[in-house]
Colleague: 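Pasting a structure below so you can have a look.
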Amino acid sequence: MADLIGAVAIAGGGIAGIQSALDLADSGLKVYLIESKPSIGGVMAQLDKTFPTLDCSMCTLSPKLAEVARHPNIEILPYSEIKSISGAAGNFDVTVTRKATYVDPDKCTACELCLAKCPSKVLDEYNEGLTKRKAIYLPFPQAVPRVMVIDAEHCLYLTKGKCGNCKKVCENDAIDYDMKDRDEVIKVGSVILSTGFEPYDPTPLEQYHYEHPDVLTSIEFERLLSASGPSEGHVQLADGTTPKKIAWLQCIGSRNPEIGRPNCSAVCCMYATKEAMVAMEHDPELEATIFNIDVRAFGKGFEQFYQRAKNEKGVRFIRSRPSGVDIDPITNRLSVQYEVEESVETAIEEFDMIVLSIGLTPSESSKKLAEIAGVEMDEYGNIATSIEKPMTTSVPGIFACGTMIAPKDIPDTVADASGAASKAHSVLASERGTLVTERAYPPEKDITGEEPRIGVVVCDCGINIASVVDVPAVVEYVKTLPHVVHAYEQTYACSTDSLDVIKEKIKEHNLNRFVVASCTPRTHEPLFQDTCRGAGLNPYLFELANIREHCAWVHQKEPEKATEKAKEIVRMSVARVALLDPLYTQKLDFSHSGLVIGGGVAGMTAALDIAEKGFTAYLVEREHELGGLLRKFTRLQDGRKTSEVIDPMIEAVMSNPNIAVYTGTTLDEVEGAMGSFKGKLSNGEEIEFGSAIIATGANEFVPEGYFGYGSDNVITQSTLETMLEEGTVDAKTVVMIQCAGGRNEERPYCSRVCCTTAMKNAIRLKEADPNITIYILYRDIRTFGIWEDLYTRARELGVFFMRYTETDEPVVANGTVTLHDKLLHNTPFEIAADLVVLSSPLVAPDGVEDLATLFKVPIDADRFFLEAHIKLRPVDFATDGVFLAGCAQAPKLVNESISQGSAAASRACSILAKDFLETSGVMAVVDEDVCIGCGRCTEVCAYSAPTLKEVEVVTEEITYITRKSEINPAICKGCGSCAAECPTSAITSRHFTTEQISAVIDAFAYADGRVREVA
Amino acid sequence: MSDTDMKVIKTSDLDLAFREEIMKEHGAEKLSMCFNCTGCTAGCTMAEHEPNYNIRQLLRMANLGMREELLNHPYLWNCTTCYKCQERCPQGVHNVDILLKIRTMAVHSGIMLDKHRKVAQLMANTGHAVPINDDNKEKRKKLGMGELPETVHKYPDALEEVHKIVRITGFDKLTEAQS
Amino acid sequence: MSELSFFLGCIAPNRYPGIEKATKIVMEELGVHLKELKGASCCPAPGVFRSFDKITWLALASRNVVLSEEMGVDLLTVCNGCFGSLVDANNQLKEDQDLRAEVNKILAEVGHEFKGTIRVRHIMEYLYDDVGVEKVKESIKYPVDLKIAVHYGCHLIKPSKERHLGSIENPTFFDELVEATGATSVMYKDKNACCGAGGGVRTSSLETALKLARAKIEHAQAAGVDCIVDACPFCHLQMDVGQTEIEKKFGDVFNMPIVHYSQLLGLGMGYTPQELGIDMNYVKNDEFIAKIEKIGGGN
Amino acid sequence: MAEFEPRIVMFCCNWCSYAGADLAGVARLQYPTNTRVIRVMCSSRVQPTFILRALKEGADGVLVTGCHIGDCHYVDSNVHTRDRMEHVVDAMEHLGLEGRVRLEWISASEGPKFRETVTEFVGQIKALGPSPLRDTAE
Ligand SMILES: Cc1cc2nc3c(=O)[nH]c(=O)nc-3n(C[C@H](O)[C@H](O)[C@H](O)COP(=O)(O)OP(=O)(O)OC[C@H]3O[C@@H](n4cnc5c(N)ncnc54)[C@H](O)[C@@H]3O)c2cc1C
Ligand SMILES: Cc1cc2nc3c(=O)[nH]c(=O)nc-3n(C[C@H](O)[C@H](O)[C@H](O)COP(=O)(O)OP(=O)(O)OC[C@H]3O[C@@H](n4cnc5c(N)ncnc54)[C@H](O)[C@@H]3O)c2cc1C
Ligand code: SF4
Ligand code: SF4
Ligand code: SF4
Ligand code: SF4
Ligand code: SF4
Ligand code: SF4
Ligand code: SF4
Ligand code: SF4
């Protein structure tokens, strides 16, 4: 067998590829990130805000872009595509065609001099053709890598031999018109496909009149909403006026077998809701209407988001899918005809703008790539995977993730991406670290005894800051502050080239402290700290002054006051940075084992994935058997028995020498922190582990008090599944009631799985007995994505579907179910039912609160565990070293639970794979000389980091034993409570010392900029 | 309170085989595929002018097996068969083909509008749904054309063929005036 | 010279003989000889008769097709309804052998057999595909300087699975043929909307049917056209006779001239409105007649 | 005379209230410009002397914010904040600085509450007028 190669090729640099790349690179594998466009980022880079949190897409993405750019283990191959793949798992030769950019990336500084001189204008794909760019261009301001590219098709020199302006003006001699496409062979052990999707082009659906300038696709609308878009976030019509009424039309190019696109696109209901909300925030006068078939708000927090949009924000949701858009040829006005809710009538309404919620479609280039890789696709061009191996393609060693497999949103894409990384990592676990480069930093400058020499950059953030705050005035002011040696303005301080500028400035001006006045440290501090390190500065000699979130954005109408405030904010930061000390982390040995709590599919997958990478996994399951919920139902939605999935998995877990399984056991105590957790199990055994994964799943809600549950022949789906397997269903007419006990005040969330489950079971019933009559009563059918197939199949088999509303629920009594149908003029419709099956939601199991307390991790209002960041960290907790997976996070399907299980393992293993653990520099230390041993710190510390130890004090006169406080650096979290409590100021809360904070207070006070002298 | 207010639709009274009967018709196979997007109604020109007319409602009743109600539905004959709905249905439900099938089922159950019966009889008798009249004979002459067109109007043998066909198919009986 | 049989249907010969005459004239001018389809009957109208009894509809329709088969030529209609009926019947019998056997049993009783050897053509589609816009343009001696609202009518293009005439949402072939005469096709609201006559609605619920026609005419008028041009005598009747009925029922007066494409073409070839029977419409618009009389250079 | 513009120091914990302020920013919720934020990892870092110093150095008011009780990123450290702040607020009465110091819990998702709290507190301090300690500050 050929040697294993500790490198992975990732095709597609969207959020999926980026996440896979970071996980693998952090785990010590070399990554080649191959992206066909000039910049990584994918569609997420084009989005404005993201649902359901309305985070700014670019703000959450750009730190990741920068992280990829500066990761020593990642090599980006932009403007490149895979031409061929040969070899086998562990050892592939991947031939990559690197398209000519005609700009030498090593020479171009993205100074943009060439842009001004290029005469050739081209529709800008980043802005979906709503604006123009030049033939030489940077795809978008935060592009990575940040170098120009020449669009050969439109360059006058390359097409006609004329012009040549860019070469003339480029001072760096970066232009090379003779550059040719070239092939490069890279050697890797595994390949991940993540080339994403293409938005559906609605042109063929002529009835929607996409050619009208005010009929837009949703992705064009995202660009309109975006501050970096064609109209700087001002939503406007083609004639420049502001629309007062906008309609979104859902399922354009989705759920339409007639055009060969039967699947649901899974994200468009939510993004339309988001777009409507954001647009209404821009303009409170705006009327936003969303025409839909079903509102598919199935993910975590989605239903609540939808309800908020509807009930609080006043977004109008109309359950009708207009079949076209009409244009008045005289006025050019747009209108749609729709069915009026709660009536049989239609209405015609005019709108200023119409947004087509277009679906996600596999891109042609993805299909081509899949063919090159030889992996199987489904009939629509999605990569074929199975429920139990959701990221595994038909070719060993080649994995897939993201929207290339099926339409999905960002969090599901990210989970997939970590999952695929886990799979690739497993193949190459033995090769970890063989091909990587240590992140190289220059030796750190010793600044002891130096006067502070402070550099300050004030960021425009494009126009985010500069449109409100007078940035040049702030720069001028900052220059007058004590110790400030150099201050300057920057359009985007966080762009890769700006980071290089910071490094240069530090060197050039011999700076020993640095302040960036820009945005929130919560997202950008690590980036700039790393930059400082790159310039030989200790990262703690850096300070962020937040003049965006805390100033420009919240004082948009008071530019003068905002400018004053910005000056003061920077002044306070300068005062602080002057007093900051270099801090050092400690390298600690730690445990390379992982703990997994919960032995369902998510937990078992996580344990297996950890074990595959050569680490020990402890799997703790409180029941006496592994398997979790999968033991409660009998078939999967693809028709196979659940045992076909669960039995081999249990077998694999039980036989894996790296996994210690504890059934009938719980975890009762935990202490310590990432790297060195100690736990006590209910059997008395003590275990040590470096990281933990919570995969405690969910239970089917017992719908007591709903729809006659408890009376004869009213059961839940899980009972039906058992009866189906036992062949004990004896009914002629079955009624299923969806959302039984869900999507209400007590459980305001959608349980995601029960619509699919109902379809699955209805199909089973029909296939067993075609004469059976089935009515499914629903509020929305949420068979999202590819599961729409099941809904289609159920209708093919003749299942009846009738809608009810939350305010007019069906009534179950004496063997009948009665509901009202507006099309039947609300005449009571009485179904004589032999069996009523309630689709009740998944709920969090008992005991989650205990686990939450043990690990100090949060749970949400619905008792599901709350991840660190809903979009980009779906399986992380804010607490280091603790992860979550599966239904513990929110209800989800088996494939999704498994994907998260792998994802959590990937995240955990990127820690376990390290040789040692680094502590944070931010923590508390005790000055023994001042400590009087009062022990108050031990009382307030939530982690028991300080302990009183006996020390022998030797003075000239006497020697005595006394007690002094000592703080364990591995445990201390740096909250500073002890320092605030200590009566003698013996405790220093590093990076937040009394001195530093006092200096900031003083700087607040002294408008003249007086800064306290450094001691 | 009137009777209609009290009405309840009971599944036990419905004809569950009705849908299958319709779906056997060529073109009507996808009746059950309707997923109630409303697209057919929301686009129907007739619905714009006759608010009580809703093609989706008719399909729904067909699906649910409401045979009697549907065949007697006051708006069953409102569709102009413009095919807009059928062309735009994402599920490939052939609304018009289905409706035409339902209408034949109505006629075969003896449910027919008087005005339609008259046209049917005209056609059965003269071979033309809109036969010639004196006024138009005049016009034809004025245009220099034969008084009668070269159709069954002019060829009694041909008309006899038509008569024979309607007798064989039973169309004459089917559309006979009801007592 | 190409030959086709000319299927008249009911309304053209019995209500608008001008359309029948115009068709013969213009086709001859274009080098297409139309042979009388002697003894043809009602198509029969798809909306009503197909709604009553499918086999009767099929048998009578196929008899009409067979008459043309027996002449060995394709069949031409100038009516969307006839086109709909005959194309659908022809296609169904070509595809479905069981249905064909059933129908042939009936046809045998009257001495015919459906063989499936010919195509059913509509004048617009025939002109566009076989004659060609260029040839039509060449045949125009006197450009028709009119602003025109084109009414395709539903069954000319739909159901598309039986028609294959390209876009049904934004068709252009009719407009091209209209513009070939020198006229301007004007975009008007709900251009593709139904005239309201089909499906037996004109018979069963005249008032509702007229509402659709009224909207149609209103929109055309708002666009400032001289007349509406159609390709179907039934649409023609609905919009022409319909105007007299609309006036009675709703009081709206439009005086909108309705012209069949064959008549429009005739004008461009130099025939007078009187020769083409345009003046025989139920709506009398002398101004319009005077205007189009001038087209032929006043001769 | 120009309207009195209070100068207010605000302490925000990193995890909740600072994030809440960020969210107010992201949501473009507009509020008065009078506050200056000092970030600490946990509200429990805010020792009473910081508050006194701020007032002494010319602040017209001090607003301390942290995670809601139960949501503290450091388990329950904010309980100590609460206890300490009770004493500080009491002390203010004796110093004639009543109403100038306040503790509020603002979570990471409460952008609107951040705005309301600031707006309201600024209004309150405006009504109270400049701090009596102001003169001594210079
Ligand atoms: C209008 C709209 C709004 C949305 N809003 C939201 C939202 O608010 N929240 C949310 O969670 N989700 C949202 N989504 C969905 C979100 O965009 C996707 O979930 C996400 O972008 C998927 O990421 P990906 O990496 O799988 O694919 P992509 O973002 O498509 O990335 C794929 C990358 O692969 C590259 N590529 C393609 N072919 C090749 C090749 N052959 N070789 C190399 N590289 C290649 C592409 O250039 C691209 O960079 C929205 C989608 C749309 C259309
Ligand atoms: C009736 C029904 C039908 C379904 N049908 C389908 C379907 O057809 N297709 C599909 O994809 N999905 C289906 N699902 C969803 C599917 O069950 C879940 O996706 C999947 O089981 C989630 O796996 P998990 O590992 O996250 O959680 P679980 O399966 O719930 O496993 C969690 C495990 O953790 C254990 N645990 C809990 N608390 C503790 C603790 N404190 N300490 C130790 N152990 C603990 C539990 O005992 C359990 O074994 C269905 C669900 C139901 C209820
Ligand atoms: S190509 Fe040259 S001129 Fe253009 S941005 Fe790069 S360095 Fe500047
Ligand atoms: S040579 Fe090409 S890319 Fe350069 S400036 Fe001219 S047109 Fe633009
Ligand atoms: S139902 Fe599915 S395809 Fe339709 S808009 Fe919603 S998410 Fe998109
Ligand atoms: S403020 Fe500056 S550093 Fe922050 S996101 Fe904007 S450009 Fe980047
Ligand atoms: S049945 Fe379940 S999946 Fe379907 S909408 Fe209700 S809660 Fe959501
Ligand atoms: S800083 Fe916080 S965690 Fe660290 S010892 Fe002090 S109280 Fe404990
Ligand atoms: S358009 Fe088709 S799927 Fe939609 S409601 Fe009408 S028949 Fe049903
Ligand atoms: S075919 Fe009938 S139901 Fe369909 S749009 Fe036309 S009139 Fe309406």
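What you see below is based on every heavy atom in this structure, not just the backbone, and it leaves out hydrogens, waters and symmetry mates.
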Colleague: Are there residues of residues 85-94 of chain D whose heavy atoms fall under 4.5 Å of chain A's heavy atoms? If so, which?
Modeller: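 Residues qualifying by a heavy atom under 4.5 Å from chain A are absent, so none.
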Colleague: Between D:Phe11 and A:Ile1001, is there a side-chain heavy-atom distance shorter than 4.5 Å?
Modeller: yes
Colleague: Could you tell me which of D:His80, D:Met41, D:Arg36 has the largest number of non-hydrogen atom pairs under 4.5 Å with chain A?
Modeller: D:Arg36
Colleague: Can you name the residues that form a side-chain contact (heavy atoms from CB on, under 4.5 Å) with A:Thr993, not counting sequence neighbours?
Modeller: A:Thr988, A:Glu995, A:Gln996
Colleague: So which atom in A:Asn464 and which in D:Arg28 form the shortest heavy-atom distance, rounded to 0.1 Å?
Modeller: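 Looking at all heavy atoms of both residues, the closest pair is OD1-NH2, 3.9 Å.
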Colleague: So which of A:Lys561, A:Glu281, A:Glu558, A:Lys557 has the biggest tally of heavy-atom pairs under 4.5 Å with chain D?
Modeller: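 Option with the top pair count is A:Lys561.
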Colleague: Evaluate the side-chain proximity of A:Glu568 to D:Arg7: yes if any heavy-atom separation is below 4.5 Å, no if none is.
Modeller: yes
Colleague: Does any backbone or side-chain atom of D:Ile51 lie under 4.5 Å from a heavy atom of chain A? Answer side chain, backbone, both or neither.
Modeller: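 For D:Ile51, no heavy atom lies under 4.5 Å from chain A.
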Colleague: Name the region of A:Thr994, side chain, backbone, both or neither, that has any atom closer than 4.5 Å to a heavy atom of chain D.
Modeller: both
Colleague: If we only count heavy atoms from C-beta on, is the A:Val940 to D:Arg84 side-chain gap below 4.5 Å?
Modeller: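 Result yes, sub-4.5 Å side-chain heavy-atom pair found.
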Colleague: Please enumerate all residues that pass ring pair (Phe, Tyr, Trp, His ring centres under 6.0 Å) together with A:Phe877, with sequence neighbours excluded.
Modeller: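 Scan of A:Phe877 (ring pair (Phe, Tyr, Trp, His ring centres under 6.0 Å), adjacent residues dropped) gives A:Phe865.
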Colleague: What residues of residues 973-981 of chain A make heavy-atom contacts with chain D at a cutoff under 4.5 angstrom?
Modeller: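 Contacts with chain D: A:Lys973, A:Gly974, A:Cys975, A:Gly976, A:Ser977, A:Ala979, A:Ala980, A:Glu981.
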Colleague: Treating A:Gln556 as the side-chain partner and D:Leu29 as the backbone partner, does any N or O pair qualify as donor plus acceptor under 3.5 Å?
Modeller: no
Colleague: Less than 4.5 Å to any heavy atom of chain A: does that hold for the side chain of D:Thr49, its backbone, both, or neither?
Modeller: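 Neither part, no heavy atoms under 4.5 Å.
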Colleague: Shortest non-hydrogen contact from A:Ile997 to D:Ile38?
Modeller: CG2-CG2, 4.5 Å
Colleague: Take atom NZ of A:Lys313 as the centre, draw a 6.0 Å sphere, and report whether it contains more than 12 heavy atoms from other residues, nucleotides or ligands.
Modeller: no
Colleague: Do you know which of A:Cys551, A:Ala942, A:Cys941 has the most heavy-atom pairs under 4.5 Å to chain D?
Modeller: A:Ala942
Colleague: Side-chain contact test, heavy atoms from C-beta onward, threshold under 4.5 Å: evaluate it for A:Met572 versus D:Val37 and give yes or no.
Modeller: no
Colleague: Which answer fits D:Asn14, side chain, backbone, both or neither, if we ask what part of it has an atom under 4.5 Å from a heavy atom of chain A?
Modeller: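 Both parts, heavy atoms under 4.5 Å.
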Colleague: Does A:Glu849 have more than 12 heavy atoms from other residues, nucleotides or ligands lying within 6.0 Å of its CD?
Modeller: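 Yes, the 6.0 Å shell around CD holds more than 12 heavy atoms from other groups.
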Colleague: What residue in A:Asn546, A:Val1000, A:Val857 has the most heavy-atom pairs under 4.5 Å with chain D?
Modeller: A:Asn546
Colleague: Looking only at non-hydrogen atoms, find the nearest pair between A:Phe992 and D:Arg39 and report the distance.
Modeller: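 Shortest heavy-atom separation between A:Phe992 and D:Arg39 comes out as CE2-O, 3.3 Å.
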Colleague: Identify the heavy atoms of A:Pro521 and D:Tyr18 that sit nearest to each other, and give their distance.
Modeller: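 Closest pair (atom of A:Pro521, atom of D:Tyr18, distance): CD-OH, 3.3 Å.
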Colleague: If you compare all heavy atoms of D:Tyr31 against all heavy atoms of A:His555, which two are closest, and at what distance to 0.1 Å?
Modeller: O-ND1, 2.8 Å
